[in-house]
Structures are given as structure tokens and as C-alpha cells.
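Encoded as C-alpha cells, the structure appears first; notes follow it.
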Amino acid sequence: MPAIVLVGAQWGDEGKGKATDLIGGQVDYVVKFNGGNNAGHTVVIDGETYALHLLPSGILTPSVTPVIGNGVVIDLAVLFQELDGLEARGIDTSRLVVSANAHLIPSYNRTLDKVTERFLGKRRIGTTGRGIGPTYADKMSRVGLRVQDLFDENILRQKVEGALEQKNQLLVKVYNRRAASVDEVTDELLGYADRLRPMVTDTALLLDQALTDGKVVIMEAGQATLLDVDHGTYPFVTSSNATAGGASTGSGIPPTRIDGVIAVLKAYTTRVGEGPFPTELFGAEGDRLRKAGGEFGTTTGRPRRCGWLDTVIGRYATRINGTTDLVVTKLDVLTGYDPVPVCVAYEIDGVRHDEMPMTQTEFHHAVPIFEYFEGWDDDISGARTLDDLPPAARRYLEAVEEMCNAPISAVGVGPGREQIVAIRDLVR
Ligand code: IMP
């Protein structure tokens, strides 16, 4: 099974690192195919903590080639900050390759992201403010800047000029901000060109050859299913395709070459930013789960909204992504809860819905219908096989598997790399 997609099944922060840890030794390429430095993962290796935002997690494994695919949007300042930070800690980053077709996040898009949110007021999305949305909008409007434009100064200057003709109107007339200067923006970007050049390649061709040579390629999604711009809780979503389909367009690996889809599902639910969240817990209940799970954002430090597991969402994620393996994370956080509520369906305006409703209006009105599972008190953080888990935890997992309609291949029981109940190999 050489080409595998790894996605989040909920609203992000499911702990995809658990799955990459499990397959780390078997993987040759890790491809980031969507998003930018709005993502955030913390990786702990030999007691050292690394917080990555833009770089694929494979950067920390010497045998892996990390790839930034064409579907990614890159803030070059952040890219080089992360690379410098790793180099300073003795990590060799020279294996990184970057697609010539990936888009660049210019400084004016960071400004626009922030001022747009401010102007939206109550209707804001709660973005990470990193310029992600405006940069994808530029890509679709065909006024975006790509990595390859750095190597043709004339073209770059023309493109910046074209983009700023519109953007400066917006910045000055609508948002009352300073206009961006063509020269300043162009020169800032050009300042990175020489250093970037050796990393840039035709990544779709590289990955095609890798697969032909029998290499194992993991395509790792940023964000998650319900933040996908097409399949998520629009408009409270990110601006890229974070579901399995996006792995193809964002990497150039065709669907027919993808062999498996691993969906990572947290044993409860979290969300950052605005938007509907049917099983959300408020007040002391929310605080308890947030504290137990350490639910504060890696990228923004924001407290995450917390709630019970929602298997309507789990089923939906299986359907949209074609999940072949579920990796359940943070089961240990539920220790001590009795009973453990799981949302199995919604009641919407008096009608039971077993599947995601068709419209966002209905989703906003969704009231969870819970089933209550027996809890467990025993510390499960040392469990490595299913038999090590208390019967109640096993029953909980069996129910999740059945309701989410996909087999569970691994279960995270603690933050350490080795704290995993491994059930089935993820690379087959
Ligand atoms: P943007 O991606 O910065 O445009 O933000 C859009 C929405 O996606 C906001 O609700 C963010 O909080 C959310 N989001 C973006 N990246 C992540 C992530 O890595 N984890 C969780 N939520 C995210």
C-alpha cells in the first residue's frame, strides 16, 4: 500500500502525529498537500518538543523526504524561520523539496486576512490571521503568486503590480489601511529566491517516480474534514480541500494510485474558531475536558472549544474520505468519565437525522441525541494491546467503529510516541 492519505476526521487537532509516529519507519515521502502555516503540530522526539506549522512532520525523520506540494500556500518568512529553528537544533533540513506551483502568501494578504475578520465583527470566521483565505482566493481569481515566479523577476513584478491594483483599493478605501508598495512586496519576496531555488522541483513528477519505484508516500492533510472548503461547515472552514480528494489535486498523485486513507478521530471533539458545534460543552464541563486534554492551539495558543464525540461526523468523514483505517486518539482523556456520552444522531426541528443534514441551516439547529456508555477508571496509558484495555473502553471502541463505519487500526492512549494500542498495520 504505497500511497496513503492521512486526514483529520473532525475540525482539526485530532493528533495526526500519532498515525505518522506509527508508520514513521516505513515511509519514504511525506507530502503536505493543502493549507499553510495555519496548521500546527507538536512532535516530541527523545524528550525534545518541536512545534511545526508549515513544514511536513517528515522533516524530523532523516530517512524521509518532506515535500511541500502544489496545493500549499507558503509564507516564505515562516518557512525559513522554521528551517533555521530546526537547523539550530541540529536537524538536517536539506531534504525538503518544494513544488514550483505552490502559491506564496504575500504580506498584503496577511493584512487583509486580519482586517477582513475585524470588519466582519460578529460574522467573523475566527481565522488564524495568516493570510490563508486571501491567498487561496487569489489563486482561484488567477492573481496569485507562485514559487516559480520568484525565478523571473519581471513576471513577479508584473504580477504583484496587477494584484495590488485591486488590493490597494481595498486596503485604502475600504479598510483605511496603508497601500502596499509594488517594490517593497517584490523585493521582500525576491530576497528569498536564491535560498529557495535548490529546494524547488516538479514535485508531481518526483512523486510519480517514487511510487513507480515502490516507495511509500504519505499525503498528510492540514486542517480536517469539517474545515474543508467544499465538504466542511462552510463558511466556517479553511480555504482549501482538507479531505482525501484534495490529496490528489494538491500533490499531483492521481486518485487511482491512492491505496488507503487513514482518518484520525479524537475520542471527543474540539474546534478552534467560530461555527456550529452540536456536542459542544460549556462552562465547567467544557473546562474539565479542555484541561484533561490540554486543548490549547499550537499555532495561536487559543483555548479550543471542547465537546463529546459526534459519530454523525465520524460517519460523514468515512463517507467523504473513503476511510480505510481509523486511528482514535486521546482515549486516555476520557478516563474517569462515567457514563461517556456519544452523539449518535441529531434532532433537527423535531426530526431525527442519522446523517449530516443537507444544509448548514439544519446543522446550526442540530441537537445531539446521545447514547451513554459505561466509563472506566483504570489508567490506560500503559496499554499496548486491546486486551490491556478495560472491557468498558473496548466496548466504547467497538461502538465507535460500528457507528463510524470503518475499522480502528490504532488507538492513542497518551502523548508519548509509544503510547499506542496498535491493532493493524497502517502500511500494508
Ligand atoms: P484559516 O485557515 O486561517 O483561514 O482559518 C479558517 C478556520 O479554520 C478557522 O476556524 C480556524 O480556526 C480553522 N483552522 C485553520 N487551521 C486549523 C488547524 O490546524 N486546526 C484547527 N483549526 C484550524
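Just so you know, ligand 1 is whichever comes first in the structure, and atom 1 is the first atom listed for that ligand. All values below were derived from every heavy atom in this structure, side-chain atoms included, with hydrogens, water molecules and symmetry-related copies excluded. Throughout, residue positions are numbered sequentially from 1 according to the sequence presented.
- Of all the heavy atoms of R124, none lies under 4.0 Å from any atom of ligand 1, so neither backbone nor side chain is involved.
- The closest non-hydrogen atom to atom 9 (C) of ligand 1, taken over S239, G273, G126, comes from G126.
- Looking at V237, N34, V272 and measuring to atom 6 (C) of ligand 1, the nearest heavy atom belongs to V237.
- Take K330 and apply the side-chain hydrogen bond (donor to acceptor under 3.5 Å, both in side chains) test, not counting sequence neighbours, and it matches E295.
- Atom numbering of ligand 1 starts at 1 in the shown order; those under 4.0 Å from a heavy atom of A39 are 19 (O).
- In the vicinity of I125, heavy-atom distances shorter than 4.0 Å reach the ligand 1 atoms 10 (O).
- Between D149 and R146 the shortest side-chain heavy-atom distance falls below 4.5 Å.
- Looking at residues two or more places apart in sequence or on another chain, you find no side-chain hydrogen bond (donor to acceptor under 3.5 Å, both in side chains) involving T279.
- Y337 places a side-chain heavy atom less than 4.5 Å from the side chain of L289.
- Proximity of R304 to ligand 1 is not established, as no heavy-atom distance is less than 4.0 Å.
- Residue contacts with ligand 1, taken as heavy atom pairs separated by less than 4.0 Å, do not involve F236 at all.
- Although no hydrogens or angles enter the test, the distance criterion places a donor-acceptor pair under 3.5 Å between the side chain of E87 and the main chain of T93.
- Counted within 6.0 Å of OH on Y234, heavy atoms from surrounding residues, nucleotides or ligands total 12 or fewer; the atom is thus considered open.
- Heavy atoms of other residues, nucleotides or ligands lying less than 6.0 angstrom from CD of E402 number 12 at most.
- Within the listing of ligand 1, atoms 15 (C), 16 (N), 17 (C), 19 (O) sit less than 4.0 angstrom from a heavy atom of Q223.
- Remark: ligand 1 and D113 share no N or O pair separated by less than 3.5 Å (distance only, no angle test).
- Taking each of N38, D13, L227 in turn, the one with a heavy atom nearest to atom 14 (N) of ligand 1 proves to be L227.
- Listed by number with element, the atoms of ligand 1 under 4.0 angstrom from any heavy atom of W11 are 21 (C), 22 (N).
- Proximity of a side-chain donor or acceptor of Q419 to a complementary backbone N or O of G412 within less than 3.5 Å is not detected.
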